[in-house]
Structures are given as structure tokens and as C-alpha cells.
J.: 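Attaching a single structure in C-alpha cells format; questions to follow.
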Amino acid sequence: MSKIDLSVNIGSLKLKNPVLLASGTVGYGNEISQLTDISKLGGIVTKSLSLKPRKGNPPQRIVETPSGMLNAIGLANVGVEVFIKEKIPFLKELNTTLICNIAASSIEEYVECVKILTSEETIQAFEINVSCPNVREGGLIFGNDLSSVGRITEQVRAATNKPIIIKLSPNVPKIADFAEIVKKEGGDAVSAINTLVGASFDIYTRKPKIKNVTGGLSGPAIKPVAIAKVLEIKRNVDIPIIGLGGIMNWKDAAEFMIVGASAIQVGTANFINPNAGNEIVDGLEEFCSQQKIIKLSEMIGSYQI
Amino acid sequence: MSKIDLSVNIGSLKLKNPVLLASGTVGYGNEISQLTDISKLGGIVTKSLSLKPRKGNPPQRIVETPSGMLNAIGLANVGVEVFIKEKIPFLKELNTTLICNIAASSIEEYVECVKILTSEETIQAFEINVSCPNVREGGLIFGNDLSSVGRITEQVRAATNKPIIIKLSPNVPKIADFAEIVKKEGGDAVSAINTLVGASFDIYTRKPKIKNVTGGLSGPAIKPVAIAKVLEIKRNVDIPIIGLGGIMNWKDAAEFMIVGASAIQVGTANFINPNAGNEIVDGLEEFCSQQKIIKLSEMIGSYQI
Amino acid sequence: MLIEKSILEAKRQLGERIFQIKLFSPRIAKLAKPGQFCNIKVSESDFPLLRRPFSISNVEGDSIYFLFDIHGEGTKILSEKSLGDELDILGPLGNGFNYDGDYSTAIIVAGGLGSAPFPFLTSKLDKKKVVSFVGARNSSLVLTEDLLNVQAATDDGSLGFKGTVVELLTDYVEKNNLTSFRIFSCGPNPMLKALQQICIERNYDCQISIECAMACGFGICQGCPVETTNGEGYKLVCKDGPVFEAKEVKL
Amino acid sequence: MLIEKSILEAKRQLGERIFQIKLFSPRIAKLAKPGQFCNIKVSESDFPLLRRPFSISNVEGDSIYFLFDIHGEGTKILSEKSLGDELDILGPLGNGFNYDGDYSTAIIVAGGLGSAPFPFLTSKLDKKKVVSFVGARNSSLVLTEDLLNVQAATDDGSLGFKGTVVELLTDYVEKNNLTSFRIFSCGPNPMLKALQQICIERNYDCQISIECAMACGFGICQGCPVETTNGEGYKLVCKDGPVFEAKEVKL
Ligand SMILES: Cc1cc2nc3c(=O)[nH]c(=O)nc-3n(C[C@H](O)[C@H](O)[C@H](O)COP(=O)(O)OP(=O)(O)OC[C@H]3O[C@@H](n4cnc5c(N)ncnc54)[C@H](O)[C@@H]3O)c2cc1C
Ligand SMILES: Cc1cc2nc3c(=O)[nH]c(=O)nc-3n(C[C@H](O)[C@H](O)[C@H](O)COP(=O)(O)OP(=O)(O)OC[C@H]3O[C@@H](n4cnc5c(N)ncnc54)[C@H](O)[C@@H]3O)c2cc1C
Ligand SMILES: Cc1cc2nc3c(=O)[nH]c(=O)nc-3n(C[C@H](O)[C@H](O)[C@H](O)COP(=O)(O)O)c2cc1C
Ligand SMILES: Cc1cc2nc3c(=O)[nH]c(=O)nc-3n(C[C@H](O)[C@H](O)[C@H](O)COP(=O)(O)O)c2cc1C
Ligand code: FES
Ligand code: FES
């Protein structure tokens, strides 16, 4: 089995394998590293950072739904400064590719965060979260507005030489248009998808189960939507795609690669099986060897329609 | 229990209770009537009709997904003429409110269908399906395009005096905008939601599991999305809403009513439990009696945020 | 067609992953005809979401039998049921085999789990001569219980003829110069295709029972089309089938 | 903290919907401290999706005990496990009770299933005088096994004192003029709130174990915040708790 080449490229970013852990589902790596071998992964994406610390939303923040969960964490994070001081030293030791995810309330804040962090050697790429329901500009969610996504990409591009991945919202009718503008404005890749907007109510109290009222739907329930979105981008735009949404095992990961993902991220699955990422790496390797595939990257976009 | 008033109004359409069976999930009523008492329901919505018969998509048309299913039936239907001749006589005997769902490939076709059918006494309202992924105008899906939805509503409105319900697509960032335009153009109500676009691939053949490549995701998986969409409409637009998406039992139905649905539709659940609609009627009645609610309609939009 | 809560009366393991279950289901038993199927809810929860279709394998008084193998999650759950458990069964569904007529030999051609519907059919064929050709990948997958005059074929030759049941069948018909016979078949698509081709070429009287993904199983979802050869579009496997004349449908 | 596949060694039904299970889980047993919990995968499939958190009720050699009631789908599945079944357990999680110190009486205050963590804690309190106040809606829900010096309270008076455990507790402290004691509590939120208020008013030394919806159980999802009283924002119930000083958090 050892002859199989699992490496993939996301633009200029070379990953030893396509398996990343998704933002907001691994914290800053310290807890999960007690339960899995992070160095075996393609990389990890840290929890969305904002310029200043955010305490996040009041409880209840999560609720289980059929084959999924809703969350409205509210981007609770330590802020850029504490991140550099307290989290980077640990992350440096992990021996894996570190992608730093940024969320902000204004274009200036995105740029500022990236400018500060770009000098950190440990960080190998930025993932720009334009698709969190709590981040607004002029009342419009960034991620659902083409020109906002274009401008963010353009200005973040100007602020760093490191690869930029824009994490797209699935709550739009044509996600390929967003991938197109990311490409045009110099983004290196897109991640698809972030969570779908959802809600859940208690019929006895008539209150929302999540204090924030709406939350983001993740988990296996959304996988078919995510697969359709990745495929849509792949068929329309020539840009590397990082696929995610409901990946629980290597079969799901392979499905994303077949429809066009150059790499994949494991999100909600980490909560249930913190070792899922490692198992996916092994599963993909095994699958390649069964299918006589010597370079895993051959699988990318190899769908037969 | 018999004192509880279960009736609800959708504009001028009065239903004896809010439980309808959804379009495409009851055919024309004949098969399911062998397994459940349709006369006990608020009504049924027939499979989308087009002017001419459509044979539908080639197999495979459906696939199960986590807590859901994808379908790409392709609007297989008998066409308006056969419907009137062969289906209406049976539907007339069902002793329930009949809502006729129309799907078309052009605005003219919608209008034509409605004009022909409006003289059928048995039909008490029209549900206009602008949200099926197979119905296009100039390459754009009607349901994701505000002005198309506006024009369809306006012209269908001019073609009939019967209540018009526009069935909205969930694949848009702001569904309330669509409800707004429906209201403005004289629509009586909206149904939310139709299916989400999804896909699923076989990792061994690398082919889509559904021949049409993408399909519509339905079932419990999409309930949180549907709840969020209904709530969004309720909070922004003053128009009656028919809620659907993943309703399996009376609790789900109650949740939809609490967030703002005046009536609800049971879709995928019919395939698993053809008697689900009746059980929901009973469950809602029982719930009212426990909660000391004497008019079920009080529950509509009674959320506590 | 009706829904009946049916108690599991017996369960037998016939192979590593193959099970036979017996359910107390008097109302469905009374209506059932060979070749029909039931759509079974394998769990009480919403997981897995859809029912699972299974041929009625046999009927004995108030009880019905099913024969199945562990395929995925649904059949795994089914295999783990205990005696006394209640299953929610929708059936009988579809049209069964048409075995009336004055042919003299009934030929059963079954591949793998395709044997499932034939014990029931065989029990109704008491006025005919019956021969059964049963094939599978290897001997452990050949299911012959309650079938008559069985000849086996296996891909690996581990039991009976090394080759396909379709070869066995053609051989048999030719060697015996059969003229008055009807073929009843069920099994994997490649087998049915091979059979279909031969039956069309030679104008054999042949009925095939086909499978496909189903949601409802009784005609309301339009999810189970099969293309007809007459160019008139699709029929529904669940409602118009699952048994079709071999020449009637495109596989 | 680690994941251990643990075999179900024993299962006892303690009430209509209440179960105690014993699992062979030597590695978690070795690490466990009273007040910690485990996050249990109740099925092999992806349904239900999330693990379910349960307090470690006791540790006996290589085995750990849990005590639970059937609440929804997850606990129903758990209650249906058979001896020999394997469960996937993540633990031990969180910080347990801090029972060191030179208070002389340990007072346990438990409501309903809130009794769960106390057999284990009690077993470690051998140097202290222990009194336990256990309450529930009615007598069938009062769980006192492996607790010491129990006084019960029920809402309906069907066992012990008719009223709440918090009333019992304050009574006891006053009547006995207790000064050197520590309270350990676990139970439904309304009970904890009442207790918290009294402990703050009277400056009682009190630790409470709280519950909330959890996804991961070990600090990576940020899904389980509890507001702190010092105005510094939120702590995580799973990682910083589930045991907190009563005055530290807003319920
Ligand atoms: C009319 C009919 C009769 C059948 N009779 C038998 C029988 O007697 N014994 C037996 O072992 N099996 C029979 N099958 C096949 C059986 O239904 C499947 O093996 C079963 O659904 C697998 O379920 P699972 O959850 O274990 O597998 P999974 O693969 O986890 O899930 C099966 C899913 O795939 C879908 N699917 C896709 N293709 C097919 C297909 N060709 N057939 C069925 N489902 C498909 C199903 O709808 C279901 O949602 C029959 C199928 C049909 C349509
Ligand atoms: C630290 C901790 C320790 C616990 N210890 C025990 C114990 O020892 N014995 C016992 O019987 N129960 C205990 N519980 C509660 C137990 O976890 C729930 O009863 C169980 O999750 C219910 O699962 P279900 O699938 O049966 O119920 P369902 O209602 O179907 O699903 C429960 C879902 O609701 C969520 N949820 C919402 N609010 C809560 C809440 N307050 N607590 C837990 N889950 C919630 C869960 O995350 C889960 O997704 C504990 C909970 C926590 C957080
Ligand atoms: C609890 C939780 C917190 C999340 N936080 C973030 C975040 O901070 N930034 C971000 O870009 N995505 C965040 N996400 C979204 C995930 O990274 C991912 O896009 C989404 O969950 C879909 O993948 P999954 O189904 O595998 O979880 C979060 C998801 C969950 C469940
Ligand atoms: C098999 C299938 C066929 C459908 N056909 C139609 C249709 O013809 N017209 C329509 O408006 N909606 C159609 N729908 C959508 C449903 O009416 C409903 O909007 C959707 O399935 C969500 O509800 P559910 O989750 O309860 O199924 C179909 C859904 C399914 C599953
Ligand atoms: S399975 Fe639904 S129509 Fe055949
Ligand atoms: S449950 Fe995930 S951080 Fe506490």
C-alpha cells in the first residue's frame, strides 16, 4: 500500500493527503490531539478567528436534528492576539498543515486579521469564512452577496501572499457564480459548503431550541446538498475546491473527490469520532489500492455523467 | 375532544383541518385512498400537472440519503386533458378539499393550464409549482428568480378567481422576498418548501445515483431548513403560509404551525406511513385538548422569541 | 393492499448473511399471490427512512415468509430482530406471476436471492411439471429450499454446473425438445438481461420479476420506472410489476 | 480521555424506565474521578448522530457503571442493549467533584437521575461523615443505591419528606448547627437554582454538577456554554465542568 501517492494540491498549497479537519470542529487542535494523531492528517483548519475575542452566543447553542445538528456558536474565539501568543506555539508542534480561518464583520477587519497573521510562519494558508450567518455588512450576509465576496477576496488577496481559500455559503441558488468571482479576484480555492440555515422549535414552550433562533445545519443530512454544490462548481469554474458537509467516513470523502473536491474537510464527524480524519486517510489509501489507483489525485473530478 | 375547532383558512380557502398531502407524494389520490381515509384530511394536492402528458425522467429516479431521499421524477404526469377525464371523477368522490398543482415550462403554459382547469368545480385552489428543478425559463430556474415568480403570479391571478398558492423554492438566500412579490401580485398564499437541490454518487462506478444527476432532497433531513424558511416568511410578510418539508408526525406539524404555517403538507412521510396525515390530524387534536387550545388556528405563528 | 403489524414467529439463518423470517400476518397472507412483495418498515424510528421491499417467499396458513440477505443497514437491522418483535408490513404489493394457461412445464430460473419468490409459486404449480434452475456465485449462495427438481449452476463451479443458469436452461429446453413451457425468473439484472435476450430471440414464454430502488412501493411516488419496449414510456415496477413479460420491458 | 470499546457486562432495571449498566472499560475505569462523565455512542450507525453524555455512576475494578432513564431515542436504544454488546465510550470527561479539604460532613443533594454520580463519590468519602438527600417526583424515581445516610423527599409525599431536597437540606444544616460541611449536588435545573440561591445567601460551600446539550463533550465544538457570574463570559460545561462552584455560574 505504501506506494500510493495521497498528496494533493490546492493551488500552491501542497497537502500530504486531502483530509483536513474543518473550522469550528477542532478548536485550536489541543483537545482533539489527545484522541487522534493530527500529524497523519493533510491539515487542520482552526476555529474562525476575529480581530478581537468574541464570547459567542448565549446557550443553548446546539441541537440535534435528524442526521444532523444545528449550531449557533456565534464565532466564540480568542481573537488574533491571544491566538498568536497562546495557540500558535502548540499548533507549530503538530506537524501538520495549518490553515487559519478568519471571520469578520467588515472587509477592513478581514484584511487586518490577515495582515497580522500573514507573518506567522506556522500558518500556511487562510480560509476566509464569508458564510457565517452572524457576519453582516449593510444588513446583507456577505456570503450571499456576490460583490461582497468579490471585494473581500480582492482585498484579502492584496494583504497576503499565502494561499487564500474562500469558504462559500450554500444558501444561494448558484454557488458557481461565487466560485467564479473568487477566481477572478485572485482567490486560490473555495471551500464548499458551510452550514445551511435552519431552525428548530420546542412545541411545548414555543421557543426556539437555539437561543439565536436560527443556526447552521451540518452533518450527514446536508451531504447531498454539499455534493450537488461541489459538482456545480466543478462543472462551471476552474478552481480548486475543498469539499465538506456531512463527511462521516472515507466513502463520503471519496464521493466528494469524485465530484470535484481536491481536498475534503471533516466537521461534525469529529464530535462523534475524533479519529474520523485518520480513518478516512486509511480508508482512501485502501480504496486506492483496491481500485488500482496510484495517485489519489486522479480521483478528483473523475465523475462519469 | 370534539369541541376543538381544527379549521384553518388559507385566504378565502377554508380547510376543515390544516393537514394536506403534498404534491407528488399522493399521485391522484387513488392508490393512497386504499390505505387511509382521505375524507378526514384537510385536503390533498395533486401531482404537478403540465399541459401535455410528460413521461418523466429515466431511472434511477430516487435514492435514499441520511434521513431523507433525493428524487428526480421529472414531473411525470398525465397532462391536463387526461386529468380532467380520468382523475377528476375519482377525486370528486373523495370528499376532501382538492388543490391542483401546476408545473410548466413557460408562463403561457401555466396560464393555459389554469384557464382550462378553473372551470372544474372539484378543484378548490391552485398550487403553482415554480420551484421544480426541471422547469426552466431562459436557463434560469423560475423559482430562484424574483421577477419570474412575480410575473407568473400576476398572470395566473388574472386567469382564475380561485385561490392561488405559489410553491416556493428553498434554494434562495431570502425566501421572504419571494413571498413578498407573491403577495404584491395577488397570490393568496405560499407553500414552503419544495425540495433542496442535492446529488449522490456511487463511488465505484463514479456515476450519479440518480440518472438526472441532481434531484430534490426531501424528508426529515430538511425539516430544520423548512422551519427556518417558514419563520423567515412569517416574520417579514403578511401572507398565509403552507408549511412543509420533513413532516413525519403531529409534533413536526405543530412545530410548523407555531413558526407560522396556517396549514401543513405531508410529503415523503406518505411513502413510509400512508396513514400519517390522519394520525397528524388526531395528534394535533389531542395536543390541543392537552394544551387547552380550543381553536387550533390560535397556534399559527404563536412562537415565543 | 394494507398495513399489518406482524409478529416475528421464526427466524432461520440459511447462510453466512442469508436469513429466512416467518411473520404472523393473517390479512396479508390471505391476499398474497406468488410474485407479489411487501414493503417492510425495519425499525420503529425514522432511521432508515424508507421501507424495504421483499418478495413474499411463501405463505403458510396465517404466516408469510421472507428470504433476504444482509445488503446494507436496513437488512442488517432486519436480521437482528428477535422472535416476538413486531414489524410493520405493507402488502401485498404489485402483480404476481401469471401461472395460468396450458403450458405443461413450468421452468423456474433464479439467481441468488432471486430464489425468494419461488417456494410460494412452486406451491401453486401442482398441476404442472416444475423444473428449477438455481444459480449463484458459489455454492453457499444457492438457495433451493422448497423448490422442485433443482439443477444448480455456480460461477465458480462449487456446486452443479459451472456457468450460468441461463446456459443450463437453454441446454435443458433444447435437449428435451420442450415446446410447451413457461419460464418464471427472478435474479440480478445481468442474469435477467441474458435470459431476456434468449427468450426474445427464441420466442420463449417468459416472465421476469425485476427489482429497482423504491420509495413507496404502491404507485404514489413514481420513483420506480422501467422503460417499456413498445415506446409508450415507462411502467412502474411496484404497481405494474414487479413481474413483467420478458419482452415487455427494457432492462 | 480516550475512546474505549466496552463490553456490556450487566444490566439492571431499577424502575419502569430506569436502568443501570455495567461496562468492562479498564482504561477509563483507571482514570475516572467522581463527577466526571463519558460520552457514549449508543448505536453503530449514524443514528442517532451525536454521542450521549452520562455521569460515571461508579467504578468497580475494571468496570464502570452508568445510571440512566429512558428520555428519548438514544437512551431507548441504550436500554435495549444486550449483555456482550460493545459500546463505544469516550471518557472520562470534564472535571469531577473536588472533595479534598477539611470539612467534616459531606452532604449529597440529588434530584432524580442526579443521583447518578454519587455512588462513586460516596466511595471516595470514607474519611468524611456523609449524609444524602435524595429527591424525586415520586417514590419510584428516588434512587438511593450505594448512597449513605439517605433522607428522601418527594413532591407527592409518596416517600420521605413531602417537599424538596433543598428544604430537607437547610433544615438539616440548621437543626444540626453544621458549620464544617461541603455540599455536592446534581439534579434538574430548578432544583439546582433553588440550592444555588440558598448557598449563595448563606455562603454554603457547594459544588453543583450541571447538564446541557452537548455535541462533542471534550471542548472542540463550543456548544455547551454556561455563563459565569464574574462577567468574564462563558465557560464550557463539558471541559470546565460539569462540576462548578455553585456561586460561579448562572443557571
Ligand atoms: C420488488 C422487490 C423485491 C425484493 N425482494 C427481495 C427479497 O425477497 N430478498 C432480498 O434479499 N432482497 C429483495 N429485494 C432487494 C431488497 O429490497 C434490498 O436488498 C434492500 O432494500 C436493501 O436494503 P438495505 O437497507 O439493507 O441496503 P442499503 O443498500 O443500505 O439500502 C438500500 C436502499 O437502496 C435502494 N435501492 C437501490 N437499488 C435497489 C434495488 N435494486 N433493490 C432494492 N433497493 C434498492 C433502496 O430503495 C434502499 O433505499 C427486493 C427488491 C424489490 C424492489
Ligand atoms: C454531563 C452530563 C451528564 C449526564 N449524566 C446523566 C446520567 O448519569 N444519567 C442520565 O439518565 N442522564 C444523564 N444526562 C442526560 C442525558 O445525557 C440525556 O438524558 C440523554 O442525552 C438523552 O438522550 P436521548 O436520545 O434519550 O434523548 P433525546 O431527547 O431524544 O435527545 C437528547 C438530545 O438532546 C440534547 N439535550 C438537550 N438538552 C439536554 C440536557 N439538558 N442534557 C442532555 N442532553 C440534552 C442532547 O444533546 C441530545 O442530542 C447527562 C447529561 C450531561 C450533559
Ligand atoms: C459547532 C460548529 C461550529 C462551527 N464553526 C465554524 C467556524 O467557526 N468557522 C467556519 O468557517 N465554519 C464553522 N463551522 C462549519 C463547519 O466548518 C462546516 O463547514 C460545516 O459544519 C459542514 O460540515 P460538516 O457537515 O462536516 O460538519 C462550524 C460547524 C459546527 C458544527
Ligand atoms: C417523489 C417526490 C415527488 C415530488 N413531486 C412533486 C411535484 O410533482 N410537484 C411539487 O410541487 N412538489 C413535488 N415534490 C415535493 C413535495 O411536494 C415537497 O415539497 C417536498 O418533498 C418536501 O416535503 P417532504 O419533506 O415532506 O417530502 C415531490 C417530492 C417527492 C419526494
Ligand atoms: S415505488 Fe413509488 S411508485 Fe413505485
Ligand atoms: S460539548 Fe463540545 S465544547 Fe462542550
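Chain letters run A, B, ... following the sequence lines, proteins first and then strands; every chain starts at 1.
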J.: Quick one, A:N57 with D:Q222, criterion side chain to side chain contact (heavy atoms under 4.5 Å, CB included). Give me CA distance, side-chain angles, the key distance, then yes/no.
T.: CA-CA 10 Å; A:N57 290 330; D:Q222 306 273 323; over 6 Å; no
J.: What distance separates D:M1 CE from A:E31 CD, expressed to the nearest 0.5 Å?
T.: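 It comes to 6.5 Å.
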J.: Would D:R52 and A:E64 pass as an ion pair if we require N to O under 4.0 Å?
T.: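 Salt bridge: yes.
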J.: If you count every heavy atom of other residues, nucleotides or ligands that lies below 6.0 Å from D:K11 atom NZ, does the total exceed 12?
T.: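 For D:K11, atom NZ is crowded (more than 12 foreign heavy atoms under 6.0 Å).
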J.: Atom SG in D:C212, atom CD1 in A:I62: separation rounded to 0.5 Å?
T.: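 Answer for the SG-CD1 pair, D:C212 versus A:I62, is 7.0 Å.
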J.: Only pairs of heavy atoms separated by less than 4.5 Å count here; which of A:T25, A:N71, A:T268 has the most with chain D?
T.: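 Maximum pair count with chain D is reached by A:T25.
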J.: Please determine whether the number of non-hydrogen atoms from other residues, nucleotides or ligands lying under 6.0 Å from atom NZ of D:K193 exceeds 12.
T.: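 No, not enclosed.
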J.: Within a radius of less than 6.0 Å around NZ of A:K55, do more than 12 heavy atoms belonging to other residues, nucleotides or ligands occur?
T.: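 Yes, NZ of A:K55 has more than 12 neighbouring heavy atoms, counting only those of other groups under 6.0 Å.
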J.: What part of D:C221 gets within 4.5 angstrom of chain A, counting heavy atoms only: side chain, backbone, both, or neither?
T.: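 Both parts, backbone and side chain.
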J.: For residues D:K239 and A:N30, report the shortest heavy-atom separation together with the two atoms involved.
T.: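 Residues D:K239 and A:N30, closest heavy atoms: NZ-ND2, 4.4 Å.
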J.: Considering residues, nucleotides and ligands other than D:E16, do more than 12 of their heavy atoms fall under 6.0 Å from its CD?
T.: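 Count not over threshold, so no.
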J.: Ignoring hydrogens, what is the shortest heavy-atom contact between D:L49 and A:I272? Give both atom names and the distance.
T.: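 For D:L49 and A:I272, the tightest heavy-atom pair comes out as O-CG1, 3.1 Å.
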J.: How close do A:F271 and D:A215 get, heavy atom to heavy atom, and via which atoms?
T.: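 Distance-wise, the nearest heavy atoms are CD1-CB, 3.8 Å.
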J.: So what's closer than 4.5 Å to chain D heavy atoms on A:P59: side chain, backbone, both or neither?
T.: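 Looking at A:P59, backbone and side chain both touch chain D.
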J.: Donor-acceptor check, side chain of A:R61 to backbone of D:P225, threshold 3.5 angstrom: yes or no?
T.: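 No.
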J.: Determine the option with the most heavy-atom pairs under 4.5 angstrom with chain A, choosing from D:V237, D:I220, D:V226.
T.: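 Greatest number of close heavy-atom pairs with chain A: D:I220.
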J.: Given a strict heavy-atom distance threshold of 4.5 Å, which part of D:F218 is in contact with chain A: side chain, backbone, both, or neither?
T.: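 Both backbone and side chain of D:F218 come within 4.5 Å of chain A.
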J.: Residues of residues 33-42 of chain A under 4.5 Å from chain D (heavy atom pairs)?
T.: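 A:Q34, A:L35 fall under the 4.5 Å cut-off.
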J.: Take A:N275 and D:I3 through the test side chain to side chain contact (heavy atoms under 4.5 Å, CB included) and record every step on the way to the result.
T.: CA-CA 9 Å; A:N275 198 39; D:I3 287 180; 5.8 Å; no
J.: Sort A:P58 into side chain, backbone, both or neither according to what part of it lies under 4.5 angstrom from a heavy atom of chain D.
T.: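 Contact with chain D involves both backbone and side-chain atoms of A:P58.
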J.: For D:E44, look at atom CD and say whether over 12 heavy atoms of other residues, nucleotides or ligands are found less than 6.0 Å away.
T.: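 Open.
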J.: Looking at A:E81, I'd like to know if its CD atom is crowded, meaning that more than 12 non-hydrogen atoms belonging to other residues, nucleotides or ligands lie closer than 6.0 Å.
T.: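 Counting other residues, nucleotides and ligands, CD of A:E81 stays at 12 neighbours or fewer.
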